[in-house]
2 protein chains.
Amino acid sequence: MPELPEMVIIAKQMNQTLIGKVVKDVSIFQPKCLNRPAKDYQKFLPGVQTERISSLGKWIRIDFHGGMRLLINLGMGGEIVFLKRNQNFPDKTKFALQFRDRTGFFVTLWWFGYIHLVRKDENHPMTDTLGPDPLSLTCESFIKLLENRRGEIKSFLLNQKRIRGIGNFYIQEILFRARIHPRREIGSLTQYEMKSLFKMIQTVLNESISLGSSSYELDFFGEKGQYGLNQISIGYREGGSCPICQSQIEKIRTGSTAQFICPVCQKSI
Amino acid sequence: MPELPEMVIIAKQMNQTLIGKVVKDVSIFQPKCLNRPAKDYQKFLPGVQTERISSLGKWIRIDFHGGMRLLINLGMGGEIVFLKRNQNFPDKTKFALQFRDRTGFFVTLWWFGYIHLVRKDENHPMTDTLGPDPLSLTCESFIKLLENRRGEIKSFLLNQKRIRGIGNFYIQEILFRARIHPRREIGSLTQYEMKSLFKMIQTVLNESISLGSSSYELDFFGEKGQYGLNQISIGYREGGSCPICQSQIEKIRTGSTAQFICPVCQKSI
DNA sequence: GACAAGAACACGGA
DNA sequence: CTCCGTGTTCTTGT
């Protein structure tokens, strides 16, 4: 469930906290989410210094001096949390890094997630093929992305290869605010609708970032964000009513995901 | 069935023949392979001059002065053939361009194919997402393409988004000459095998180009190439014997395609 | 059993 | 494999 805004916040907090620290220990409790043997992590990480942390869609990327990189994806849910000096990590910890100053961080994963170790110059198909960052797009470049594309708009926006970082939580608010039905054909969208959509992607994601991200997730310091029910027009309000037209909110299926919509404001046409 | 070598030859012949000619007429007999209404072709093409023809994997790209571009993919089989002065085009013609000098060319398609008209600066997802040209790769860059990729080697090489222009005709010879089973996992290939594979991709494709491409296809002047049974070790020789070890050649299924292999030389491991 | 993201694979449509 | 989009399956743990 963590999406772009959560990752932006976590990356920022990690940058403020971890830059320059030298890795002392690596602890691994769930080897299945790794891309190489656990002993490679033990071999390459101790002794190296953190250089820069960034977010890439739903991924956190930790670059170390000397050429290695850790790529973390929390999958359907999880946390990356700072570990205070000498604090023990919780039982649910799947992975932890500890630094020479005895601080560190731990990672929990509910279901599927990845903690991959690569050289910076190594191919990593899951992140190399991500689409552009929605917050770095201009309206023109966003509309260009949609040009000559087929399929439903929701599938497109959730496809990380097309545009990175949007998941099933924020998409609902984005589409509602743009008054676009999730199953609309891309080719049927008007210029006006595409502009709306662009604007609402920016608005919703930036609003969440400015509020410290979702109140359903924990940030790097274990705190909840402030983007919650007050910001959400229709998501998770089945049987409630549309704030615009008072129609009854419906829950529909879109591919393998569910979505709340207003059947009037978001006409499928 | 036309693949990279056929397209290289056709593009070369079109370049020698058509550059600078000015379009007079467009004839369309099968609108379903177009990406826009037939009348757009009539509107944008007459009066413009051909600038350059190139091949992109299995596509032919015709650039015109003034910003338009025609993209042709013959799909499962077809021809692009020069039309002599005042020659009528055959009944099976699906598309034809005629120039002011009364020469031209026609396109036939067996089944599915595309004849798309775009502005040069317009998105065209089918060609924008093609992988690199195999004949422009170095061995190092080819091996890099395979790094950290999962799945079977044949699927990878046939996937036009990974590497462009290889189809089910040439892949059989390439894999046999490299002694690699089509279902081998990419991650299991040794350095030596990847080098072999690279070498054989280059060898087979270049050999076909130097022979004027496949003898099963027609070039731009309606002639067959010389790359045929003499060059093919095991393809389409079910029940025959391997030229290396005399084992009986087998026909196996690989995904949705069939493939002839030597069960001894191309061990699946 | 439902659920969720993503990858791999199969399917139908053009 | 001709290519697209979409559907299914598989993963895992509550």
Side-chain angles (χ1 to χ4, degrees), chain A residues 1-3 30 32-33 35 57-59 73-78 92 94 108-114 116 125-127 129-130 148-156 158-162 164-169 171 182-183 185-187 216 251 253-259, chain B residues 1-4 7 30-35 57-59 71-78 94 109-116 124-131 148-152 154-172 182-183 185-186 253-259:
Chain A
M1 302 268 269
E3 303 177 22
Q30 186 169 282
K32 67 152 186 152
C33 58
N35 63 330
K58 302 179 188 175
W59 292 78
N73 183 316
L74 297 177
M76 328 229 356
K92 58 182 177 177
K94 304 291 191 265
T108 68
L109 297 169
W110 277 13
W111 286 312
F112 313 115
Y114 309 100
H116 286 178
M126 285 186 178
T127 52
T129 58
L130 293 172
N148 292 329
R149 284 277 161 201
R150 292 165 189 287
E152 298 171 355
I153 186 62
K154 181 174 176 179
S155 302
F156 182 94
L158 288 182
N159 185 336
Q160 304 297 304
K161 292 188 162 64
R162 304 290 177 219
R164 69 189 188 228
I166 301 174
N168 203 44
F169 181 71
I171 191 77
R183 313 205 59 167
E185 271 295 318
I186 294 168
Y216 303 103
K251 185 178 179 182
R253 298 207 55 88
T254 53
S256 65
T257 60
Q259 169 141 12
Chain B
M1 303 268 267
E3 304 176 22
L4 183 144
M7 292 326 209
Q30 185 170 283
K32 71 153 185 158
C33 58
L34 309 179
N35 62 332
K58 303 178 187 175
W59 293 78
L71 288 159
I72 303 175
N73 182 316
L74 297 176
M76 326 244 329
K94 304 291 192 264
L109 297 169
W110 273 14
W111 217 356
F112 308 115
Y114 308 100
I115 301 169
H116 286 179
H124 185 258
M126 285 185 177
T127 52
D128 294 344
T129 57
L130 292 171
N148 291 332
R149 285 277 163 200
R150 293 167 188 285
E152 297 174 357
K154 182 174 177 180
S155 302
F156 181 94
L157 295 172
L158 289 180
N159 185 336
Q160 304 297 303
K161 292 189 161 56
R162 304 291 175 217
I163 188 169
R164 70 190 189 224
I166 301 174
N168 203 44
F169 181 72
Y170 291 107
I171 192 78
Q172 304 195 40
R183 315 206 55 168
E185 270 296 318
I186 293 169
R253 296 208 57 86
T254 52
S256 64
T257 61
Q259 169 141 12

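All chains are named by letter (A, B, ...) in the order of the sequence lines, taking the proteins before the strands, and each is independently numbered beginning at 1.
- Picking from dC4(D), dT2(D), dT6(D) the nucleotide with the shortest atom distance to the side chain of Glu152(A) gives dT6(D).
- To the nearest 0.5 Å, atoms CD1 (Ile171(A)) and CZ (Phe156(A)) are separated by 10.5 Å.
- Counting any heavy atom pair closer than 4.0 Å across all strands shown, Trp111(B) reaches no nucleic acid atom.
- Each of dC1(D), dT6(D), dA5(C) was ranked by its minimum atom distance to the side chain of Met76(A); first place goes to dA5(C).
- The nearest whole Å value for the distance from the NZ atom in Lys32(A) to the P atom in dG6(C) is 15 Å.
- The side chain of Asn168(B) sits closest to dC1(D) out of dT12(D), dG5(D), dC1(D).
- For the P atoms, the distance linking dG5(D) with dA4(C) amounts to 24 Å, nearest Å.
- Side-chain contact between Glu152(A) and Pro182(A): absent, with no pair of heavy atoms (C-beta onward) separated by less than 4.5 Å.
- Rounded to whole Å, atom C1' of dC3(D) lies 14 Å from atom CG of Leu71(B).
- Stacking annotation: Phe112(A) is not stacked on the base of dA4(C) (requires ring centroids less than 5.5 angstrom apart and an interplanar angle below 30 degrees).
- Rounded to whole angstrom, the span from the NE2 atom of His116(A) across to the P atom of dG6(C) amounts to 13 Å.
- Distances shown here put a side-chain N or O of Lys58(B) below 4.0 Å from the OP1 or OP2 atom of dT2(D).
- With dA5(C), dG5(D), dA14(C) as the candidates, the nucleotide lying closest to the side chain of Arg149(A) is dG5(D).
- Atoms OH (Tyr114(B)) and P (dG13(C)) sit 15 Å apart, rounded to a whole Å.
- Test Asn159(B), Thr129(B), Leu130(B) against Arg164(B) for side chain to side chain contact (heavy atoms under 4.5 Å, CB included) and you get one pass: Leu130(B).
- Ser155(B) comes within contact range of no nucleotide atom at all, as no heavy-atom separation falls under 4.0 Å.
- Counting any heavy atom pair closer than 4.0 Å across all strands shown, Asn73(A) reaches no nucleic acid atom.
- A straight line from CD1 of Ile186(A) to P of dG5(D) spans 8 Å, rounded to a whole angstrom.
- Nucleotide dA7(C) holds its C1' atom 13 Å from the CD atom of Glu185(B), rounded to whole Å.
- The nearest heavy atom of DNA chain C to Ala258(A) and to Lys161(A) marks one nucleotide each, and the one closer to the 5' end goes with Ala258(A).
- Closest approach to the Met126(A) side chain among dC1(D), dC3(D), dA7(C) is made by dA7(C) (side chain taken as heavy atoms from C-beta onward).
- No contact: Lys92(A) has no heavy atom under 4.0 Å from any strand.
- Using a 4.0 Å heavy-atom criterion, one finds that Gly151(A) contacts the sugar-phosphate atoms exclusively.
- The OH atom of Tyr114(B) lies 9.0 Å from the NE2 atom of His124(B); values are rounded to the nearest 0.5 Å.
- In this structure, dA4(C) forms no base pair with any nucleotide, since neither Watson-Crick nor G-U wobble geometry is met with both distances under 3.5 Å.
- When both distances must be under 3.5 Å, the Watson-Crick or G-U wobble mate of dT12(D) does not exist.
- Here the closest heavy-atom approach between residue Leu71(B) and residue Thr127(B) is recorded as CD1-OG1, 4.0 Å.
- Residue Ile115(B) contributes atom CD1, which lies 18 Å from atom P of dA14(C) at whole-angstrom precision.
- Nearest heavy atom pair, residue Pro2(A) against residue Gly77(A), reads CD-CA, 3.9 Å.
- If you measure from atom CG of Leu109(A) to atom P of dT14(D), you get 12 Å, rounded to the nearest angstrom.
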